[in-house]
Asker: 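My questions all concern the structure below.
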Amino acid sequence: MTAVNSLLCLLDFKREELERFIRNAFLMKDLYKVNAVPKKLSGKSVALIFEKPSTRTRVSMEVAINALGGHPIVLNKSDIQMSRGEPVEDTARVLGRMVSAIGARVLNHSTLEKLRDYSGVPVINLLSDLSHPLQALTDYMTIYEKLGRYETVAFVGDGSDNVLVSLMAFASVMGLRIKVASPKDFRPRPDIWKRIEEKAEETDAVIEFYEDPYEAVRGSRVVYTDVWVSMGQESMAEEKRKKLKEFRVTKDLMRYASSDAIFMHCLPAVRGEEVDAEVIDGPQSAVWDQAENRLYTALSVLSLLVK
Ligand code: CP
Ligand code: NVA
């Protein structure tokens, strides 16, 4: 389908390719519900490496690979020789000779690049310190499903968040608008931000930063947040909680959004921190449908990328 058979960053794809991932996810949703997913991975194995915990990503990938007729091999870091210092390059060379694709959730994004460069098989980013493309594809699928179009997202919280980076990448390829409410010192990593800005210029996408969450959320149909302390950031927890305390999604904040606004969160959530329980558990919350859609995105991406 595409010149790039790995999915490390949504910025590597063209608009038509991102649209195709989402269109195919809707098709997979229909097929999955009638047990008619094509067995495109029949006879193939896919390795799934996890350097960090996961619920949604691991389960959606395992179920998707099985539904496509393939065999998932889950490798938690402590199970494999990488934990004893075997180089990522060597791990990649060996896996590439035995499996048809590799999914990996990594501490450092550069591990994904090494897996891609040395394995010779498609590599799928299952979350890194930098980005989370499967999540953002799912999120825009869910926005389209609920609101009939790829609406502007108002993101409230950590402006350097990995999920936010992928939402920005999607928006910048597709020419969409994102409003981010975050303290000034929480911004995406400069290298990825440069790529996002360049792409946005090409497509007329608009990415705006606000320091007032009420201003960012005003009139929006999508209000999104993620945890303040991501996996691997435990040493920064206290500082982040202090700086982000005004950036919580509350019922009061939701009142400034459009009356038909949905609340989104990639999960896992910390109630009382980035979001109040009455919002995530309330009538505007889309988070459970959003989580379910991870499965159809996994089916879509695997069926298009793995040959
Ligand atoms: N949203 C998400 O990636 O969840 P997990 O960490 O449970 O995989
Ligand atoms: N930003 C979060 C996302 C979890 C799915 C983290 O990296 O921990």
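Basis for what follows: all heavy atoms, side chains included, without hydrogens, waters or symmetry-related copies. When a ligand or atom number is given, it counts from 1 through the structure's own listing order.
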Asker: When you measure from atom 8 (O) of ligand 2 to every protein heavy atom, which one gives the shortest distance, and what is it?
Answerer: Met231 N, 2.8 Å
Asker: Take the angle between the ring planes of Tyr140 and Tyr150 and call it parallel below 30°, perpendicular above 60°, tilted in between.
Answerer: perpendicular
Asker: For ligand 1 and His132, I'd like to know whether there is a polar contact (N/O to N/O, distance under 3.5 Å).
Answerer: yes
Asker: Among all protein non-hydrogen atoms, which one is nearest to atom 4 (O) of ligand 1, and what is the separation to 0.1 Å?
Answerer: Arg56 NE, 2.9 Å
Asker: State, without any angle test, whether Ser78 and Asn76 hold a side-chain donor-acceptor pair at a distance under 3.5 Å.
Answerer: no
Asker: Check the pair Asp12, Arg195 against salt bridge (Lys or Arg N to Asp or Glu O under 4.0 Å), reporting the backbone distance first and the verdict last.
Answerer: CA-CA 10 Å; Asp12 299 333; Arg195 289 188 64 200; 2.9 Å; yes
Asker: Within the 4.5 Å heavy-atom criterion, are Val99 and Ile73 side-chain neighbours or not?
Answerer: yes
Asker: Check whether Ser160 reaches the backbone of Arg187 with its side chain - one donor and one acceptor, N or O, closer than 3.5 Å.
Answerer: no
Asker: To the nearest 0.1 Å, how far is atom 7 (O) of ligand 1 from its closest protein heavy atom, and which atom is that?
Answerer: Thr55 N, 2.7 Å
Asker: Say whether Leu267 and ligand 1 are in contact under the criterion: heavy-atom distance to a ligand atom below 4.0 Å.
Answerer: yes
Asker: Any heavy-atom pair between the side chains of Arg20 and Leu304 that's under 4.5 Å?
Answerer: yes
Asker: Which residue supplies the protein heavy atom nearest to atom 3 (C) of ligand 2, what is that atom called, and how far is it?
Answerer: Asp226 OD2, 3.5 Å
Asker: I'd like to know whether ligand 2 has Asp129 as a neighbour, heavy-atom separation below 4.0 Å.
Answerer: no
Asker: Would you mind checking which non-hydrogen protein atom is closest to atom 4 (C) of ligand 2, with the distance to 0.1 Å?
Answerer: Leu127 CD1, 3.8 Å
Asker: Consider only side-chain N and O atoms of Asn293 and Thr142, and report whether a donor and an acceptor are under 3.5 Å apart.
Answerer: yes
Asker: Decide whether the shortest distance between a heavy atom of Arg294 and an atom of ligand 1 is less than 4.0 Å.
Answerer: yes
Asker: Are Asp158 and Leu164 close enough that some pair of their side-chain heavy atoms sits under 4.5 Å apart?
Answerer: no
Asker: Specify the protein heavy atom at minimum distance from atom 6 (O) of ligand 1: its residue, its atom name, and the distance to 0.1 Å.
Answerer: Arg105 NH1, 2.8 Å
Asker: Of the backbone atoms (N, CA, C, O) and the side-chain heavy atoms from C-beta on, which set of Leu134 has a member under 4.0 Å from an atom of ligand 1: side chain, backbone, both, or neither?
Answerer: neither
Asker: Does Thr57 reach the main-chain N or O of Ser54 with its side chain, forming a donor-acceptor pair under 3.5 Å?
Answerer: no
Asker: For the 3.5 Å polar cut-off, considering only N or O atoms, please tell me whether Arg105 and ligand 2 meet it.
Answerer: no
Asker: Could an N or O of ligand 1 be found under 3.5 Å from any N or O of Pro53, whether backbone or side chain?
Answerer: no
Asker: Could you list which atoms of ligand 2 come closer than 4.0 Å to a heavy atom of Leu267?
Answerer: 5 (C)
Asker: Look only at interatomic distance and state if Ser230 has a nitrogen or oxygen under 3.5 Å from any nitrogen or oxygen of ligand 2.
Answerer: yes
Asker: Give me the nearest non-hydrogen protein atom to atom 7 (O) of ligand 2 as residue plus atom name, then the distance to 0.1 Å.
Answerer: Asn162 ND2, 2.8 Å
Asker: Considering only heavy atoms, does Asp161 approach ligand 2 within less than 4.0 Å through its side chain, its backbone, both, or neither?
Answerer: side chain
Asker: I want to check something: taking the side chain as every heavy atom from C-beta on, are Leu68 and Ser42 in contact at a cut-off of under 4.5 Å?
Answerer: no
Asker: For a quick check under 3.5 Å, do Ser131 and Asn125 share a side-chain donor-acceptor pair by atom type?
Answerer: yes
